[in-house]
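Below you'll find the structure, written out as structure tokens, and then a few comments.
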Amino acid sequence: MAMKNPSFFPRIPPWVLFLLFTLSTALWAYAPWSLEVRFWVLLIGWFLPALFFLSAPRPSSLSVEKELLPPVPRWLLFLLFLLAGGLRLWKLTTLFAWPKEEEGVTVSAILHLNEKWDWKFFHGFAQLPPLFPWIGALVFQFSHDPFLSLWLGPAFFSVLFVLCLYAAVQQFFPASLACLAAGLAAFTYWPLYIGRSCQPGTSLPAWVCLVAFLLGKCLKASTPAQRKKGVAALGAGLGLGSFTFPSWPLVIFWAAFPLAGWLKKRPPRERWRLLSVLASACVLCLVPFLGAVWREGYGQHIHVLLEAGKNLTFSDRWGVLFSYFTFFLGGAVVPNFEGLGFFN
């Protein structure tokens, strides 16, 4: 039965709400406004449309599993992935004349590994994981091309992001929506851009989508044997996140909520058995990270940033928080390093 529209909420067409949300998103990302104006944009452009949308009547037959588009032929899907890979390899070593400043940490680590290989896990001030330095050093050994060793890894993970996103969306939504998501990831700006940027964070989207795919397979498992294999694969996938970016533990926190609800439905004996398999697989894949923490230490960069953050005013702290939304929506932020005290 359709939900009645409350009398104090006027009925607004969905396209108006979508237009308001899109406009406010663009203004948030690109307009150089003060914090007060951004609060109003957040209220008018995001919260009010969400409130009107949630209060609108809906048909009882609405389902996220219902196909909204015609089925996509396999040949067209294969062509999409082929074009996605071709775009990311096109002029891979010549499109950019020189690496960006942020890629210097990876470049330094690659040069060091080519002089003398070691198994150092953390690199640079931020104690970044070794994924791209190791890939870059191995590619350089075979190609002797410094630019190829720098940008082949990001291009690979950008293609992997398209594939993993398609597989992840298909676990929870119709195949047509998965094709649409894969198409957006294949040909829009930011997914293409991360394929040309050798920074550890560019491997994160592919890994998050892989975790979502494994989580979906786990939640859909119908037999005890399938559930055991599912949690083992999910635990291994979560543990391998330590090779991607320092924020990887947040993804474990995110995956824990649906997984806890799913485990609660299992019998107690099976629940503890699945938890032990999940934890064992995760810890096994975390052995390189934990060993590096023991040998090299970890957390110095967090301590330094916390000390530097004491120089920030209350307004600066809110600015830093809002900058994450700006990045998420496609905008750019000029960092205030002097405010952090790095140049004092």
Side-chain angles (χ1 to χ4, degrees), residues 85 88-89 91-161 193-208 210 236-249 251-252 281-308 335 337 340 342-343:
R88 283 151 176 82
L89 294 175
K91 292 187 176 182
L92 180 61
T93 60
T94 58
L95 184 62
F96 293 152
W98 198 253
K100 297 178 291 296
E101 295 87 347
E102 295 86 350
E103 295 174 304
V105 175
T106 305
V107 172
S108 300
I110 292 175
L111 292 174
H112 171 74
L113 290 173
N114 277 285
E115 292 177 1
K116 182 181 179 182
W117 182 274
D118 59 32
W119 293 101
K120 185 179 180 181
F121 197 91
F122 302 118
H123 295 277
F125 162 77
Q127 295 188 289
L128 298 172
L131 184 61
F132 281 150
W134 287 358
I135 292 175
L138 291 175
V139 172
F140 187 81
Q141 289 294 324
F142 291 99
S143 67
H144 300 288
D145 186 333
F147 293 112
L148 184 65
S149 65
L150 186 64
W151 289 319
L152 184 60
F156 169 77
F157 278 98
S158 183
V159 176
L160 189 63
F161 168 57
Y193 181 77
I194 64 174
R196 306 298 177 108
S197 179
C198 190
Q199 301 181 50
T202 58
S203 63
L204 200 61
W207 172 68
V208 171
L210 176 63
L238 291 171
L240 290 175
S242 59
F243 287 87
T244 58
F245 196 65
S247 61
W248 63 271
V251 180
I252 297 181
C282 185
V283 171
L284 183 63
C285 292
L286 281 174
V287 166
F289 173 81
L290 297 175
V293 171
W294 177 263
R295 294 192 315 270
E296 305 169 28
Y298 192 70
Q300 297 91 331
H301 60 299
I302 300 175
H303 174 72
V304 171
L305 288 175
L306 288 175
E307 290 296 322
F337 292 113
L340 290 174
F342 290 155
F343 299 138

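The two residues P205 and I194 come nearest to each other via the heavy atoms CG-CD1, 4.2 Å. Taking every heavy atom of both residues into account, K120 and P130 meet most closely at O-CB, 4.0 Å. In plain terms, the two heavy atoms of Q127 and G297 that are nearest each other are NE2-O, 3.1 Å. In this structure, W207 and L238 approach most closely via the heavy-atom pair CZ2-O, 3.6 Å.
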Donor-acceptor list for residues 240-249 side chains, cut-off 3.5 Å, not counting sequence neighbours:
unit_1, atom_1, unit_2, atom_2, d
S242, OG, G239, O, 3.0
T244, OG1, G241, O, 2.5

Taking only distance into account, with no hydrogens and no angle test, what donor-acceptor pairs under 3.5 Å do side-chain atoms of residues 135-149 form with protein atoms, sequence neighbours excluded?
unit_1, atom_1, unit_2, atom_2, d
Q141, NE2, N114, OD1, 2.9
S143, OG, V139, O, 2.8
S143, OG, D145, N, 3.3
D145, OD1, F147, N, 3.0
D145, OD1, L148, N, 3.3
S149, OG, D145, O, 3.3
S149, OG, P146, O, 2.7

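Classification of the W134-W119 ring pair by plane angle, with boundaries at 30° and 60°, yields perpendicular.
The side chain to side chain contact (heavy atoms under 4.5 Å, CB included) test applied to K116 returns no partner, not counting sequence neighbours. For F157, the ring-ring contact (aromatic ring centres under 6.0 Å, His included) test picks out F132, with sequence neighbours left out. For V287, the side chain to side chain contact (heavy atoms under 4.5 Å, CB included) test picks out no residue, with sequence neighbours left out.
Counting heavy atoms from C-beta on, the side chains of L290 and W294 never come closer than 4.5 Å.
Note that SG of C282 and CD1 of I252 are 4.5 Å apart. Values are rounded to the nearest 0.5 Å. Between H112 atom NE2 and W117 atom CH2 the span is 10.0 Å, to the nearest 0.5 Å.
Sequence neighbours left out, the pairs with a member in residues 194-205 that pass side chain to side chain donor-acceptor pair (under 3.5 Å) are S197-Q199.
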